[in-house]
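Written below as structure tokens is the structure these notes are about.
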Amino acid sequence: MRPECLYPLFAPVSALPGLGPRLAPLVEKITGAHVVDLLWHLPVGLVDRRFMPTLDQAPAGRVVTLKVHVDRHMAPGGARRPYRVVCTDGTGILTLVFFHAKGDWLEKTLPAGSERVVSGVAERFNDDLQMTHPDHIVPVDRLDEVMTVEAVYPLTAGLPGKVMVKAVRAALERAPDLPEWDDPEFLRRRGWPSWREALGTVHAPQRDSDLIPATTARSRLAYDELLANQLALGLVRAQMRKLSGRVIAGDGRLRRRILDSLPFRLTEAQLRSLAEIDADLEAPLRMLRLLQGDVGSGKTVVALLAMATAVESGCQAALMAPTEILARQHLATLQGPAEAAGIRLGLLTGRDKGKAREKILADLASGGIDILIGTHALFQEGVVFRDLAFAVIDEQHRFGVHQRLDLAAKGQAVDMLVMTATPIPRTLMLTAYGDMDVSRLDGKPPGRKPIATRVLPLARLDDVVEGVRRAIAGGAKVYWICPLVEESEKVDLAAAADRHAELVERLGPRVGLVHGKMKGAEKDRAMAAFAGTDLDLLVATTVIEVGVNVPEATVMVIEHAERFGLAQLHQLRGRIGRGDRASSCLLLYGGPLSENGKARLNILRESEDGFLIAEEDLRLRGAGELLGTRQSGLPEFRMADLTSHSDLLAIARDDARLILETDPELQGPRGQALRTLLYLFERDGVVKTLRSG
Ligand code: ADP
Ligand code: MG
């Protein structure tokens with residue numbers, strides 16, 4: 001259960017004074033639903049109101065605080081004219097200007113004859129000093145409240161900055177003193193303040209240099225978050241380790257036959273990864289390994305050989321793909337080698353219903369299927385294996401880390417191999433997987449030709465279409481990718497359909513279309529027609545899934561390449577260059593491209609190394625945008641900025657490791673404080689796995 005000291009922070013934002021039914025939803029929209037989310041809402045700028053000149057000295061165009069005598073009100077002559085209040089200070093005249101103002105409110109706030117402090121941006125018209133809609137108007141005895149440096153927060157439409165400042169201040173007042181979870185010696189060496197002090201500091205910037213990620217206060221909070229992240233991952237892992245695994249050892253007979261049936265020899269990287277997987281399978285521990293390899297690096301055959309070992313030892317294996325198309329593709333590629341070895345494959349997807357499904361389930365329960373391939377339908381209720389020992393999850397990031405944890409939590413005594421084609425930079429890798437064992441397939445299978453990549457403006461579309469026509473005449477197969485922006489799927493689909501119609505008109509009927517709104521069977525038909533001999537060109541939204549394999553495809557056109565993440569472009573491009581023929585990729589960009597945008601696309605032109613591309617993308621875009629964090633299943637950080645705090649991540653990993661070695665159940669005084677930290681950053685799912693303390 002959440003510690004009581006945190007209750008005030010997990011109250012809804014509407015519990016804060018000043019946030020009624022109109023404003024609370026706006027705050028919630030930009031920060032999150034709870035009071036604690038306001039603490040994590042960091043200022044992005046500041047306004048210094050400490051400058052208080054006399055009226056004759058007040059410069060135009062900057063924020064000033066002015067002490068004035070209210071002289072008289074000038075109600076507007078017409079509906080569209082502003083309301084004016086004339087003030088003086090003995091050195092000059094200041095006119096306050098209000099549009100759409102309520103006269104009675106102004107009479108109350110600025111009574112004629114009173115002394116007031118106003119703060120805002122002053123402007124000069126001829127010799128007149130003017131201030132339109134001052135940010136603050138207070139009686140003179142409240143001067144101190146105004147003469148400060150004010151934090152500026154990210155806002156959303158309709159939410160005044162003042163409201164946000166007040167809301168954050170109220171949230172800070174609710175922040176309790178929490179037991180220190182960091183090592184005091186470590187804090188001293190770094191010169192880091194306590195948690196509460198750090199919060200106070202980050203929300204009260206005094207100068208621009210207080211707004212950068214490297215300040216002691218921001219570093220401390222970032223570290224807290226990273227430590228919570230690493231600790232949570234460490235706990236999950238420790239939990240899984242405690243679950244005993246089984247010893248899976250094969251005699252190599254099926255594997256031998258598979259290898260004999262392949263038209264190629266395994267690469268060094270494949271052999272190495274396979275040896276690492278074998279060692280895990282043989283150990284009596286629960287296996288959790290990530291097989292990371294660029295698109296086309298040959299993960300599938302490694303998975304098959306590993307699954308064969310499970311089958312050799314008399315058990316079953318499962319291969320889960322994120323989509324229907326990919327599941328079918330896996331079946332198609334594995335069928336040949338599996339048959340050669342006498343391994344029986346089955347396929348189960350959400351599309352299988354009724355009799356067909358029952359038959360599969362019966363075969364599965366009786367052991368008539370050795371390896372079941374499918375989508376997440378594999379892990380639905382009612383799917384019962386005779387003896388599942390080994391599961392391979394393909395393209396992990398599409399499922400998200402949570403699903404992996406859910407699966408683990410189901411407690412099936414299953415060794416798990418997770419395959420990902422996303423070249424996740426090392427930094428992000430650590431945040432998503434912690435210390436998970438990793439095998440890497442670096443490099444591509446031999447014989448691949450490099451892909452020639454060019455960057456062109458969309459304005460050259462006509463030339464591109466002619467080029468494509470020539471390529472097709474020369475026997476090429478062409479992918480034509482239209483972007484899909486989540487916000488307006490309809491519009492995007494229409495754009496893809498229009499492009500399809502246009503290309504049919506210009507290139508003839510051997511042009512197909514596949515998009516995400518199509519029914520499964522329809523999609524399969526289009527893909528099959530393209531893989532076969534019926535289509536030369538396939539217009540696709542990004543549904544051409546990671547992993548789809550049409551080795552004859554050698555040309556790819558990507559429209560509005562600037563709208564994609566680099567990692568995604570790299571993945572898409574990986575669909576071509578799979579055979580032994582030279583391939584080319586055309587990145588078409590719309591509109592004028594920024595320097596940064598150009599630099600990004602040029603990285604792709606210059607490199608085919610997914611890991612390098614991912615690191616560069618991280619550098620140019622920041623972690624948040626890298627993969628579209630939401631789809632990627634990578635954790636989102638509030639305080640930590642992985643481009644600037646990556647050194648802290650490594651320290652947090654080591655710290656978490658040490659903590660869990662010395663106090664695996666988080667029982668000691670520091671352990672108890674760390675539990676609070678986990679709750680604070682909402683990583684509390686894992687605390688449930690601990691004994692209460
Ligand atoms: P990934 O899933 O890693 O993107 P695949 O497993 O689909 O890659 O492999 C891509 C292609 O490379 C497949 O056609 C596969 O048969 C082929 N392949 C795999 N390993 C080798 C190898 N060692 N030598 C040559 N071709 C290979
Ligand atoms: Mg694959």
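Both ligands and their constituent atoms are indexed starting at 1 by order of listing. Scope of the values below: all heavy atoms of this structure, side chains included, with no hydrogens, waters or symmetry mates.
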Checklist entry - Which of the numbered atoms in ligand 1 are below 4.0 angstrom from a heavy atom of Gly298? => result 1 (P), 3 (O), 5 (P), 6 (O), 8 (O), 9 (O), 19 (C)
Checklist entry - Taking the side chain from Glu616 and the backbone from Ile613, do they hold a donor-acceptor pair closer than 3.5 Å? => result no
Checklist entry - Below 4.0 angstrom, N of the basic side chain to O of the carboxylate: do Arg470 and Glu466 qualify? => result no
Item to check | Which of the ligand 1 atoms, numbered from 1, are nearer than 4.0 Å to a heavy atom of Thr267 | outcome: 23 (N)
Checklist entry - Below 3.5 angstrom, do we get any N/O pair linking Leu266 and ligand 1? => result no
Checklist entry - So, do Ser366 and Arg386 sit near enough that their side-chain heavy atoms are less than 4.5 Å apart? => result no
Item to check | Within-4.5 Å side-chain heavy-atom neighbours: Arg253 and Glu312 | outcome: yes
Checklist entry - What atoms of ligand 1 come closer than 4.0 angstrom to any heavy atom of Arg265? => result 22 (C), 23 (N), 24 (N)
Checklist entry - Which is closest to atom 1 (P) of ligand 1 by heavy-atom distance: Gln292, Gln270, Lys299? => result Lys299
Checklist entry - Could a heavy atom of Ser297 be found less than 4.0 Å from some atom of ligand 1? => result yes
Next on the checklist: Any side-chain to backbone donor/acceptor pair from Ser273 onto Ala269? Under 3.5 Å, distance only.
Outcome noted: yes
